[in-house]
Structures are given as C-alpha cells and as structure tokens.
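Every value quoted in this text rests on a predicted model; they were computed, and no experiment measured them. Note that the numbering runs from 1 along the sequence shown for the chain.
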Amino acid sequence: MKRQQLTSFYFEALLLLLIFVAMILVLTGVFGTARARSAEARRLTQAVTLAANAAEAVHAADSPEQASTLLDEGGNVRIVKDGLEAAYLADGSPCADGQGALRLKVSWEPSAEDAALVMSRIAVFAAEEEEPVYVLETGRYRKGGAA
C-alpha cells in the first residue's frame, strides 16, 4: 500500500514538473515575441519622429538646399537629383558616414498645375531595406508663388 502511494506521489510530481516546464516555454515565447514587437515599435516611433522633423523643414524651406540646411546635423544630409537624403542611427542621432540604421528620403516636386505648390514624399527606410518603415506625403505653397 505504501509503495503505491509513493509511486502516485512521484507520478504527480513528474506531471507538475512537466506542466511547469511547459509554462516556462510558453512564457519564454511570449516574452521573446514581445521583445521583437517592442524593437519594431521603437523603430517605427523613431521613423515617425524623423519624418515629422523633415516635414517641418520642408514647410519652412523654399528650396531643397534650404531644407537640407535645416535638417543637416554634422554632414548627415546629401542633396540628390529629386530631393535629399539623410542618415540616422537607431536612436535618431545623425550619422555623417551615411551608414546609419535609418535612411530618410525627401522628394521635392513642384506641381505642374501651380508653380507655387511643392509636393513632398518623406520616406524613412531601415538600413539596406527597400520597403519604407514610414511614409509621409505633404505639400506646401512657397512664398511669392513663383518657382
């Protein structure tokens, strides 16, 4: 009789141990997924902040060169044929060597219908990715009304 009780005890202890290990594995997976989502959210938040800053510079500038001057922080902005590009580290600080974790591209396109209207597409890309993390499209009327 005593032997049967001891066997039941060991069986229940083993079963509880298996349930405990299963719970640990499930929670580890949940926390790992949460960490990955947190990193994605951090990157998206930084992309939105960079795009908002670029939109403010575009609205304050009358030319891509002036917008470049407003956004430039230690040589991280380059003027390209249809706008400008800038490089940033993951924390949003400027990256002068162009190899940052985030790339900002701002297009500067005068409207065909109205010379005073400038349309801009602001896109933030993760390093070496072709799909943007965040895109902001904006437009503004330049002062004076002439291109």
OG of Ser68 to CD1 of Ile79: how many Å apart, nearest 0.5 Å?
4.0 Å

Residues pairing under side chain to side chain donor-acceptor pair (under 3.5 Å) where one sits in residues 42-51, two or more places apart or in two chains, turn out to be Ser38-Arg42

Working for side chain to side chain contact (heavy atoms under 4.5 Å, CB included), residues Phe31 and Leu27:
CA-CA 6 Å; Phe31 289 138; Leu27 289 176; 4.3 Å; yes

By side chain to side chain contact (heavy atoms under 4.5 Å, CB included), Asp72 pairs with (sequence neighbours left out) Asn76, Val77

Identify the heavy atoms of Tyr134 and Ala47 that sit nearest to each other, and give their distance.
CB-CB, 3.9 Å

With Arg78, which residues qualify under salt bridge (Lys or Arg N to Asp or Glu O under 4.0 Å), at least two apart?
Glu85

Please list, chain by chain and in numerical order, all residues satisfying salt bridge (Lys or Arg N to Asp or Glu O under 4.0 Å) with Asp82, sequence neighbours excluded.
none

Kindly state each residue pair satisfying salt bridge (charged side-chain N to carboxylate O under 4.0 Å, His left out) with at least one member in residues 61-71, sequence neighbours excluded.
Asp62-Arg140

If hydrophobic residues (ILVMFWY) are linked whenever their side-chain heavy atoms come closer than 4.5 Å, directly or via other members, who joins Ile19 in its cluster?
Leu15, Met23

Side chain to side chain donor-acceptor pair (under 3.5 Å): pairs with one or both residues in residues 119-132, sequence neighbours excluded
none

Suppose the criterion is salt bridge (charged side-chain N to carboxylate O under 4.0 Å, His left out): which pairs have a residue in residues 13-39, not counting sequence neighbours?
none

In short, Val124 meets Leu104 closest at the heavy-atom pair CG2-CD1, 3.6 Å

Joint cluster assignment, Leu71 & Val48, ILVMFWY side-chain distance < 4.5 Å:
yes

Checking side chain to side chain contact (heavy atoms under 4.5 Å, CB included) between Val106 and each of Ile122, Val80, Leu136, which is the one that passes?
Ile122

Measure across Ala67 and Trp108 and return the closest heavy-atom pair with its distance rounded to 0.1 Å.
CB-CZ3, 4.5 Å

Dump the intermediate steps for side chain to side chain contact (heavy atoms under 4.5 Å, CB included) on Tyr141 and Val118, then the final yes or no.
CA-CA 6 Å; Tyr141 280 96; Val118 174; over 6 Å; no

Minimum heavy-atom separation for Ala127 and Gly100, please, with both atom names.
CB-O, 3.5 Å

For Glu109, enumerate each residue passing the side chain to side chain donor-acceptor pair (under 3.5 Å) test, keeping only those at least two apart in sequence or located in another chain.
Ser107

Could I get the full list of side chain to side chain donor-acceptor pair (under 3.5 Å) partners for Ser111, not counting sequence neighbours?
Glu113

For the student: nearest non-hydrogen atoms of Ala60 and Leu70, plus distance:
CB-CD1, 3.9 Å

Report the distance from atom CG of Leu16 to atom CZ of Phe11, rounding to the nearest 0.5 Å.
10.5 Å

Of all residues at least two apart in sequence or in a different chain, which pass the side chain to side chain donor-acceptor pair (under 3.5 Å) check with Thr138?
His59

Partners meeting side chain to side chain donor-acceptor pair (under 3.5 Å) with Asp91 (sequence neighbours left out)
Ser93

Same cluster or not: Leu102 versus Phe125, using hydrophobic residues (I, L, V, M, F, W, Y) connected whenever any side-chain heavy atoms lie under 4.5 Å apart?
no

